[in-house]
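Single-structure report; data block below.
Just so we're on the same page: letters track the sequence lines, and every chain starts at 1.
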There are 2 protein chains.
Amino acid sequence: MDTAFAPSMIEAPHPRNDLAALPELDIEQLQRHMLVTQRKVRAGQYLYRNGQPFHALYLVHAGFLKTCELTVDGREQVTGFRMRGDLLGVESIGLAVHTCDAVALDDSVIWELAYPPVLNACLHVPELQARLAAALAEEIRRDRAWMLSIATLPAEQRVASFLLDLAARLARLGFSARHFILRMGRADIASFLALKHETVSRALSHLERLGHISVQRREVKLLDVAALRSLVGLPCTVQ
Amino acid sequence: MDTAFAPSMIEAPHPRNDLAALPELDIEQLQRHMLVTQRKVRAGQYLYRNGQPFHALYLVHAGFLKTCELTVDGREQVTGFRMRGDLLGVESIGLAVHTCDAVALDDSVIWELAYPPVLNACLHVPELQARLAAALAEEIRRDRAWMLSIATLPAEQRVASFLLDLAARLARLGFSARHFILRMGRADIASFLALKHETVSRALSHLERLGHISVQRREVKLLDVAALRSLVGLPCTVQ
DNA sequence: ACGCGCCTGTTACGCACCGTTACACGGCGT
DNA sequence: ACGCCGTGTAACGGTGCGTAACAGGCGCGT
């Protein structure tokens with residue numbers, strides 16, 4: 001309870017300078033033009049919830065979160081996992097309230113970008129304006145790629161694809177792509193991949209039996225990236 | 001071949017004034033600030049293709065199109081159907097080339113919004129800037145809603161959900177929501193819903209046998225909207 | 001520290017849904 | 001007329017779901 005607030009992502013293999021790793025939006029630049037405040041969210045807590053007033057965008061500085069859609073009849077769907085450099089809340093631009101949940105899966109540090117000032121500031125700063133539009137477009141492309149995988153790949157290949165995607169994103173942040181800790185449970189992976197958690201378990205076990213990966217609860221090692229890539233229909237270039 | 005270029009969507013039951021129906025972006029306002037040209041695309045032709053240079057956004061004025069993702073290993077996925085008022089090409093903002101295909105399913109009339117001038121113009125026109133960001137966010141929400149349906153609903157309910165969504169969009173444009181013509185084949189519906197075309201056929205037949213709809217090739221009548229809505233877990237309010 | 005209980009993850013097994021294959025029908029263009 | 005494409009129907013089989021039982025961590029308590 002009184003433990004220091006220390007996002008475990010930072011303890012991963014190969015950390016780098018924080019700001020240098022922010023891929024899209026530069027905090028220092030943002031601070032010059034709009035209100036930016038830091039916010040800490042503990043594992044399991046909500047950053048925002050469906051229906052809450054929408055008044056800020058969020059840039060993940062450290063930690064790990066998931067975003068979930070939910071329906072009136074109780075169906076739930078994990079739509080993505082967010083890590084350092086990812087922008088949250090963009091799906092609610094143009095609305096008064098949030099339309100999904102954002103839940104921290106790990107203690108997280110978030111930059112809160114006051115909104116609507118964000119867009120107003122962007123009006124006068126072409127650089128920021130372009131970055132925001134690009135971030136939104138990137139989000140769309142990410143979703144579209146997900147659709148393609150979900151709709152065209154069988155269960156095991158979706159899991160392989162998920163691991164490769166996660167590895168690539170971690171690598172971009174300076175972490176090891178071959179050896180990492182899953183921050184989410186099997187149920188969250190299953191929801192994200194439109195499967196059931198048992199199916200995810202089976203797929204992981206099978207990939208391990210094939211010698212492509214090594215899994216021990218949430219610890220994952222990618223042993224044969226080329227094999228995984230060819231499995232999901234990507235060129236076998238070594239990452 | 002020499003038939004007049006007449007988008008058949010305009011011939012549907014209850015047309016309205018064109019500009020009044022454009023939900024997001026107003027052509028007259030756009031013309032004041034950037035280069036806008038009209039473009040016609042015949043059924044079956046591409047508006048743009050994956051890999052082509054990206055230099056414009058497209059606003060559908062009349063007709064009907066689909067957008068498809070595709071992979072190096074030949075998988076294809078319909079990611080959406082676009083009609084009047086929908087903005088195309090936004091997924092490529094920030095890139096030099098298009099990342100998906102846009103194919104006309106019906107003779108279509110498109111406003112071509114020269115890009116990058118679009119964003120530059122938006123910089124000086126808060127109204128346009130807000131509209132573009134809102135259009136991108138709307139696109140994300142649309143994709144997320146699709147993810148939720150695909151991942152949580154069985155085949156028949158996906159088909160019902162698809163029909164209801166299509167009906168709602170047509171209604172917003174002033175067309176009949178109860179009686180319309182599908183502009184796409186079963187295979188395109190199947191791809192969009194992550195099913196096979198036989199399954200779509202079965203689902204449509206079954207919904208007809210239940211008395212909820214009436215189907216004759218591409219002609220669809222929604223006979224019991226309340227039943228369809230309750231089927232997919234939505235409140236039964238009559239549309 | 002130790003054990004207890006709960007939660008997460010793993011595996012097995014039967015079954016249902018949906019994909020696969022095959023074929024028939026009808027419209028349309030050549 | 002012919003062939004082709006899009007569509008509908010049916011039988012069959014496989015992938016992945018549902019239930020269940022079990023194993024192993026982890027937090028919690030004493």
Side-chain angles (χ1 to χ4, degrees), chain A residues 1-3 8 42-44 66 75-78 103 105-107 149-163 181-210 213-220 231-232, chain B residues 1-3 8 42-44 66 75-78 103 105-106 149-163 181-210 213-220 231:
Chain A
M1 201 62 98
D2 281 314
T3 58
S8 56
R42 292 203 170 270
K66 67 173 177 179
R75 285 177 290 142
E76 186 185 318
Q77 169 65 19
V78 174
V103 187
L105 294 174
D106 198 357
D107 290 349
S149 294
I150 294 320
T152 63
L153 294 178
E156 185 174 307
Q157 297 177 30
R158 287 185 217 177
V159 173
S161 174
F162 169 73
L163 292 177
I181 307 291
L182 297 173
R183 294 313 201 282
M184 73 298 284
R186 298 292 188 266
D188 282 332
I189 299 175
S191 171
F192 182 60
L193 298 178
L195 298 169
K196 296 299 161 187
H197 65 95
E198 300 93 328
T199 306
V200 173
S201 265
R202 268 189 302 247
L204 287 171
S205 300
H206 189 230
L207 288 174
E208 184 167 40
R209 235 174 296 129
L210 290 174
I213 65 173
S214 147
V215 188
Q216 209 123 11
R217 291 188 66 81
R218 299 196 175 185
E219 182 179 1
V220 174
L231 198 62
V232 302
Chain B
M1 201 60 101
D2 281 312
T3 58
S8 57
R42 291 204 170 268
K66 67 173 178 181
R75 284 176 290 142
E76 186 186 319
Q77 169 65 17
V78 174
V103 187
L105 295 174
D106 197 357
S149 294
I150 295 320
T152 63
L153 294 179
E156 185 173 307
Q157 298 177 30
R158 287 185 216 175
V159 173
S161 174
F162 168 73
L163 293 177
I181 308 293
L182 296 173
R183 294 312 201 280
M184 73 298 282
R186 298 289 187 267
D188 282 333
I189 300 175
S191 171
F192 182 62
L193 297 178
L195 298 169
K196 297 296 162 185
H197 66 93
E198 297 91 334
T199 306
V200 174
S201 267
R202 265 191 303 238
L204 287 173
S205 300
H206 189 230
L207 288 174
E208 183 167 41
R209 232 174 297 128
L210 290 174
I213 65 173
S214 147
V215 188
Q216 210 122 15
R217 293 189 64 83
R218 297 195 176 188
E219 182 179 2
V220 175
L231 198 62

**Study point:** Rounded (10°) bend between the five-pair end axes of the helix from C:dA1-D:dT30 to C:dT30-D:dA1
**Key:** 40°
Check your understanding: Rounded to the nearest 0.5 Å, how far apart are CG of B:L163 and CG of B:L182?
Key -> 7.0 Å
Revision key, fill the gap. Rounded to the nearest 0.5 Å, the NE2 atom of B:H206 sits from the CD atom of B:E156 at a distance of 5.0 Å
Check your understanding: Does the side chain of A:S205 pick up a donor-acceptor pair with the side chain of A:R202 at under 3.5 Å?
Key -> no
Sidechain-backbone polar pair: [X] side chain, [Y] backbone, donor-acceptor under 3.5 Å:
X      : Y      : value
A:S161 : A:V232 : no
A:D107 : A:A43  : yes
A:R186 : A:T199 : no
B:R158 : B:L193 : yes

Which whole-number value in Å describes the distance from [X] [atom1] to [N] [atom2]?
X      : N      : atom1 : atom2 : value
A:I181 : D:dG25 : CD1   : C1'   : 14 Å
A:R217 : D:dG27 : CZ    : P     : 11 Å
A:R218 : D:dG24 : CZ    : P     : 18 Å

Practice item. Go through residues 197-209 of chain A and report each residue with a non-hydrogen atom lying under 4.0 Å from DNA chain D, sorted by number. Key: A:E198, A:T199, A:R202
Review point. Given side chains that start at C-beta, do those of A:L153 and B:R75 come closer than 4.5 Å, heavy atoms only?
Key: yes
Exercise for review: For B:R218, enumerate each residue passing the salt bridge (Lys or Arg N to Asp or Glu O under 4.0 Å) test, keeping only those at least two apart in sequence or located in another chain.
Suggested key: none
Check your understanding: From the 5' end of DNA chain C to its 3' end, which nucleotides mark the outer limits of contact with chain B, defined by a 4.0 Å heavy-atom distance cut-off (strictly under)?
Key -> C:dC18 to C:dT21
Exercise for review: Kindly indicate, with the supporting measurements, whether the criterion side-chain contact (heavy atoms from CB on, under 4.5 Å) is fulfilled by A:L231 and A:L207.
Suggested key: CA-CA 10 Å; A:L231 198 62; A:L207 288 174; 3.8 Å; yes
Revision key, fill the gap. Nearest heavy-atom approach of B:V159 to B:A203 is CG2-CB, 3.7 Å
Review point. Can you name the closest pair of heavy atoms from A:F162 and A:M184 and give their distance?
Key: CZ-CE, 4.0 Å
Review point. By side-chain contact (heavy atoms from CB on, under 4.5 Å), which residues pair with A:S214, not counting sequence neighbours?
Key: A:E208, A:K221, A:L223
Review point. What parts of residues 185-195 of chain A reach DNA chain C, counting only heavy atoms under 4.0 Å away?
Key: A:G185, A:R186
